[in-house]
Enquirer: 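Handing you this structure, nothing more for now.
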Amino acid sequence: MSDTNFASRWLSARRRIIEHEFASLNPEQRRAVMATEGPLLLLAGAGSGKTTVIINRIANLIRFGRASDTEETPGSATEEELAFLERYAELFSPEDREEARRLCALDPADPWRIMAITFTNKAADELKTRLAKMLGEAANDIWAATFHSVCVRILRKDVDRLGVFTSSFTIYDTADCQSLIKRILKDLDLDEKKFPPRSILSVISGAKDERVGAQEFLDSAGADPWRKSIGRVYMEYSRRMIEANAMDFDDLILHTVELLEQNEEVRAFYQRKFRYLLVDEYQDTNMLQYRFVSLLAGERQNICVVGDDDQGIYKFRGATIENILSFEKQFKNCRVIRLEQNYRSTEMILNASNAVISNNTERKGKELWTKNGRGEKLTLYEAANENDEAQYVASKILAGFSQGGNWSDYAILYRMNAQSNQLEHALKRNGVPYRVYGGMKFYDRAEVKDMMAYLCVVNNPEDDLRLRRIVNNPPRGIGDKTVENAAQVAAEEGLSLFTVMDRAKEFPALQKSAAKLAVFTEMIRDLRAEVPNRNLDDLYDLVVTRSGYLSALEQKDTQEDRTKAENVKELKTNIIEFIKSHNGIGNLAEFLDEMALYTDLDEMEGEDQGVTMMTMHSAKGLEFPSVFIVGAEEGIFPGLRSIGDPEAIEEERRLCYVAMTRAKQKLTITMAKQRMLFGQTRSNSVSRFVKEIPEECLERVSAGRSYFGGTENRSYGDQRSESRYRSYAEERRAAYGGSRAEEPVKKHTVTPPKAPSAPAKLDYRKGDSVEHKAFGRGVISSMSPMGGDFLVEIIFDKVGTKRLMLKSAAQYMKKV
DNA sequence: ATCATAACGCTTTTT
DNA sequence: GCGTTATGAT
């Protein structure tokens, strides 16, 4: 009797103590943190503190093990200890905390037995940083990484057990895969127009997701000629990937799954190793990833997945929201916790977002609420055309800035990258600094890829694809003809391209170019020989000089080539950073791995501040005080392709939900009654998603004449403000010496200066002294008409130069 | 091998 | 409307 009494007292004290550790969380969050055992589905709405929960959950596992989720008490517990705990549970005296934690803990988890999987490097890094802050040293041993990097790690260790690849396999990025497909199409004599490489890759990717191999795919093609051809390409693709000892992104997961399935020993090792599994953004996983995760979860099934079915926007890439919808079926006895309190947005924004998403049928159901207060209504601006739309956005941002806001408070989100152009022009015209994300990335630049290709070949000469890229770059007199001949020989003899080139003089077809080839292969072999002797950065220098790549650029010496040379040098900075982050040791193969799985999105947060411009897709996971969603028109958003397809529309609607819930305080949606897109003017009706927003959340503004082209009479010669607030994109280009930097702001025709609804000038002019309520005394240094108002630049005595919109500033200011 | 011209064809894209 | 790419001429 007293035993059960003892136990229940112990449990209750322990419970109170652990709860106290996580007192800063709301009840649902705390429940999620404490439900450590067995499968858990965490439906975390936008802005519900999801990452906080993940961090705290891991902290709980490490500090208390399963203590928060079991009725079990330690057999060795004594009355004195119980008394101590009960006292601590009342007083929570800090000096007793360590001891209390020790007594409460039950099987605390070793950090290296916890795996947290994310989709992006950025998310993984954020996780690691926040874990380190909370847990210190111990955080380093937690496997917090992306699906792909986890798989690479597993494969590097054990792929050879599959008997197909060796552990020095290379990773092909999307561009690599595309050029491989193009080669194959050429060799199979298929028309690229009829078989676009992108779609082929997506079909192959889909097949891999369903675990249909090339042969099986071909067999199942039946009489369908298109599928038959694709099947042949798939066959060849797989064959060449194996031959090159290369894997694409899907293969990384696929082959890990195969390895785990086929190899008892490997599977047992990882199942035993990982006691707790955490998967973020579960709504974006595909079937393969589900398979991978469930293999790791093993019998123990300590798997917690976090996601939001309303935010699944990557179906087109193979993600199945199905995974989240059927999690409860896949993992028996699963618990479900919903996080519906939103800490990000105002009620107004949330009500509007909830209303929109409620039109979807395929969802778990969830309604966000907040204590943040009502907030401003959303603004819907109906622009006359795309120029007017852009000008409206720019002037609103400018107005906000002039009232003390930061540029970085603003984000402009659009459906497709092509929409960014007019917006960029408008921002530039108005001197608003901005950054466009998702354009040409550093690692996509030809010269950077070239240098990476050199490193790949040095690392692995069998890498035919990269070899082709560099063999005549810079020009070495090894033309296509020679390479084709060599490829032919390689195919006949079953040798790699490099080997054939290396032994060119043995083959009659290559006699003519044997000498040139020998120079090249010897260079590669020399470089290879240096790998063990040098630091990675030294090796890179050597590659840059020995390849002749840099000197070829320097010889041509056009502006463009100088930019390229800069980029080649810039890559070294990345190498040095890599070495730094790896305790001074730079291993070539590791470097290539990291780069293969790296995107520039990762370096997003910079000290730079400016307005953020990106697609709605890339905005997922981010937040901004003020968000503009532009192009809210049928045919653009939802996109033309999705109209008429209910499932696609639902995905677009989720995208709309994601975009709307990025906003913390103010959400503005714009549409244009007429728009020029792809060289044609169309008039679209307002997006159905806008119609789904309750009228009481909306404030409608239409294109008055005032926004229509009102900036035009500002001369382009007025470079001062343009250069002072030069946009970051420009700055970047300028830094790279890019040719686009000199490009003048494009003169767009249209609209003569209406000097419109003449803003009554309010009796101010350049040179006037003013007294401002907030900023004090100052002198107007410039005035330019803008959007039916004037943008004035005032040099204040105390606070420096401010740019203000005259109409609004006038209320706080008088002439002196 | 490199340049010029024409023709095309266009979502979204964590890895 | 624009940027990419294929093709042909030097």
Side-chain angles (χ1 to χ4, degrees), chain A residues 117-125 145-152 171-179 182 186 191-193 196-198 201-202 205 247-253 280-281 283-286 288-289 311-319 386 413-422 437-441 443-444 446 472-482 556 593-602 604 614-622 631 635-643 648 651-652 654-656 658-659 675-681 740 746 748:
Chain A
I117 308 179
T118 63
F119 268 82
T120 62
N121 295 307
K122 188 170 162 262
D125 285 344
T146 64
F147 271 102
H148 298 268
S149 61
V150 165
C151 288
V152 169
I171 303 165
Y172 279 6
D173 67 19
T174 327
D176 295 328
C177 297
Q178 266 192 42
S179 47
K182 282 184 186 167
K186 228 172 237 157
D191 185 8
E192 247 185 62
K193 300 280 147 58
R198 294 166 127 266
L201 278 170
S202 111
S205 171
M247 296 192 200
D248 63 26
F249 290 138
D250 294 320
D251 290 336
L252 293 175
I253 319 257
D280 196 10
E281 306 283 14
Q283 76 282 352
D284 292 334
T285 50
N286 61 24
L288 258 182
Q289 285 156 342
Q311 292 191 68
I313 54 174
Y314 284 105
K315 191 177 165 200
F316 71 94
R317 286 188 90 250
E386 77 279 2
L413 308 182
Y414 34 81
R415 178 67 241 268
M416 50 190 172
N417 288 117
Q419 286 172 264
S420 73
N421 262 308
Q422 297 91 330
Y437 293 93
M440 180 59 121
K441 294 166 189 163
Y443 288 94
D444 289 339
N472 197 34
N473 185 1
R476 299 189 174 90
I478 303 171
D480 285 349
K481 198 83 199 137
T482 309
K556 283 203 278 178
D593 267 0
E594 196 149 303
M595 287 301 134
L597 302 176
Y598 175 97
T599 53
D600 299 65
L601 206 66
D602 305 347
M604 197 154 99
M614 54 169 62
T615 62
M616 301 179 198
H617 280 91
S618 353
K620 194 166 82 165
L622 304 176
I636 292 183
F637 186 42
L640 202 55
R641 282 202 167 53
S642 45
I643 289 175
E651 173 130 330
E652 295 277 302
R654 289 192 292 272
L655 184 58
C656 184
V658 168
R675 173 184 304 274
M676 173 121 86
L677 196 63
F678 302 135
Q680 272 190 317
T681 306
R740 282 156 92 190
K746 204 179 152 200
H748 50 277

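Fair warning: this is a prediction, and the values are worked out from it, not measured in the lab. Residue numbers begin at 1 in each chain, while the letters A, B, ... track the order of the sequences.
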Enquirer: Excluding sequence neighbours, so at least two apart, what forms ring-ring contact (aromatic ring centres under 6.0 Å, His included) with A:Tyr414?
Expert: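 Scan of A:Tyr414 (ring-ring contact (aromatic ring centres under 6.0 Å, His included), adjacent residues dropped) gives none.
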Enquirer: Report which part of the nucleic acid A:Tyr314 touches: base, sugar-phosphate, or nothing (heavy-atom distance under 4.0 Å, all strands).
Expert: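 Base contact.
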Enquirer: I'd like the P distance from B:dT12 over to C:dT5, given in whole Å.
Expert: 15 Å
Enquirer: Going by side-chain hydrogen bond (donor to acceptor under 3.5 Å, both in side chains), name the residues that satisfy it together with A:Asn286, two or more places apart in sequence or in a different chain.
Expert: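 Counting only residues at least two positions away or on another chain, A:Asn286 forms no side-chain hydrogen bond (donor to acceptor under 3.5 Å, both in side chains).
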Enquirer: For a quick check of understanding: with a heavy-atom distance under 4.0 Å over all strands, which category does A:Met616 fall into, base, sugar-phosphate or nothing?
Expert: nothing
Enquirer: List the residues meeting side-chain contact (heavy atoms from CB on, under 4.5 Å) with A:Asp593, not counting sequence neighbours, and say none if there are none.
Expert: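 Checked A:Asp593 against side-chain contact (heavy atoms from CB on, under 4.5 Å); matches are A:Val152, A:Arg156, A:Ile171.
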Enquirer: Considering every strand and a 4.0 Å limit on heavy-atom distances, what is the contact class for A:Arg198: base, sugar-phosphate, or nothing?
Expert: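 A:Arg198: base contact, heavy atoms under 4.0 Å.
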Enquirer: Whole angstroms only, please: what is the NZ-C1' distance between A:Lys122 and B:dT13?
Expert: 16 Å
Enquirer: Of all the choices, B:dT11, B:dT15, B:dT2, which nucleotide is nearest to the side chain of A:Arg641 once you look at every atom?
Expert: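 Among the listed nucleotides, the one closest to the side chain of A:Arg641 is B:dT11.
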Enquirer: Do A:Ser618 and A:Thr615 have side-chain N/O donor and acceptor atoms under 3.5 Å apart?
Expert: yes
Enquirer: Check every strand shown and say whether A:Glu652 touches a base, only sugar-phosphate, or nothing at a heavy-atom separation below 4.0 Å.
Expert: base
Enquirer: Provide a list of protein-nucleic acid N or O atom pairs under 3.5 angstrom, restricted to nucleotides 5-7 of chain C.
Expert:
none

Enquirer: Which nucleotide sits closest to the side chain of A:Phe678: B:dT15, B:dT13, C:dG1?
Expert: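 The closest nucleotide is C:dG1.
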Enquirer: Ignoring the backbone of A:Arg415, work out which of B:dT12, B:dA1, B:dT15 is nearest its side chain.
Expert: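 Looking only at side-chain atoms, A:Arg415 lies closest to B:dT12.
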Enquirer: For the side chain of A:Arg317 and the base of B:dT15, is some donor closer than 3.5 Å to an acceptor across the two?
Expert: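 In this structure, the two groups form a donor-acceptor pair.
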Enquirer: Who passes ring-ring contact (aromatic ring centres under 6.0 Å, His included) against A:His617, sequence neighbours left out?
Expert: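 Checked A:His617 against ring-ring contact (aromatic ring centres under 6.0 Å, His included); matches are A:Tyr314, A:Phe316.
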Enquirer: Looking only at side-chain N and O atoms, does A:Asn121 come under 4.0 Å of OP1 or OP2 in B:dT14?
Expert: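 No, A:Asn121 has no side-chain N/O under 4.0 Å of OP1/OP2 on B:dT14.
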Enquirer: Could you list the residues that satisfy salt bridge (Lys or Arg N to Asp or Glu O under 4.0 Å) with A:Asp250, not counting sequence neighbours?
Expert: none
Enquirer: Choosing from B:dT15, B:dT12, B:dT2, which nucleotide comes nearest the side chain of A:Asn417?
Expert: B:dT12
Enquirer: Evaluate the criterion side chain to side chain contact (heavy atoms under 4.5 Å, CB included) for residue pair A:Asp284 and A:Glu281; output intermediate values, then yes/no.
Expert: CA-CA 6 Å; A:Asp284 292 334; A:Glu281 306 283 14; 4.1 Å; yes
Enquirer: Please answer whether B:dT12 and A:Phe316 are stacked, defined here as ring centres separated by less than 5.5 Å and planes angled under 30°.
Expert: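 Yes, the aromatic ring of A:Phe316 stacks with the base.
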Enquirer: Using heavy atoms to find the nearest nucleotide of DNA chain B for A:Thr146 and A:Gly477 separately, return the residue whose nucleotide is more 5′.
Expert: A:Gly477
Enquirer: Check whether more than 12 heavy atoms from other residues, nucleotides or ligands sit under 6.0 Å from atom CG of A:Asp480, and answer yes or no.
Expert: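 At most 12 heavy atoms, drawn from other residues, nucleotides or ligands, come within 6.0 Å of this atom.
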Enquirer: Side chain of A:Thr615 only, please: which of B:dT14, C:dG1, B:dT13 is the nearest?
Expert: B:dT13
Enquirer: Start at the 5' end of DNA chain B and walk down; is the nucleotide closest to A:Thr285 or to A:Asp480 reached first?
Expert: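 In this pair, the answer is A:Asp480.
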Enquirer: Base, sugar-phosphate alone, or nothing: which one does A:Asn421 contact when heavy atoms must sit under 4.0 Å apart?
Expert: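 Answer is nothing: A:Asn421 stays at 4.0 Å or more from every strand.
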Enquirer: Please classify the nucleic acid contact of A:Gly621 as base, sugar-phosphate, or nothing, using heavy-atom distances under 4.0 Å.
Expert: nothing
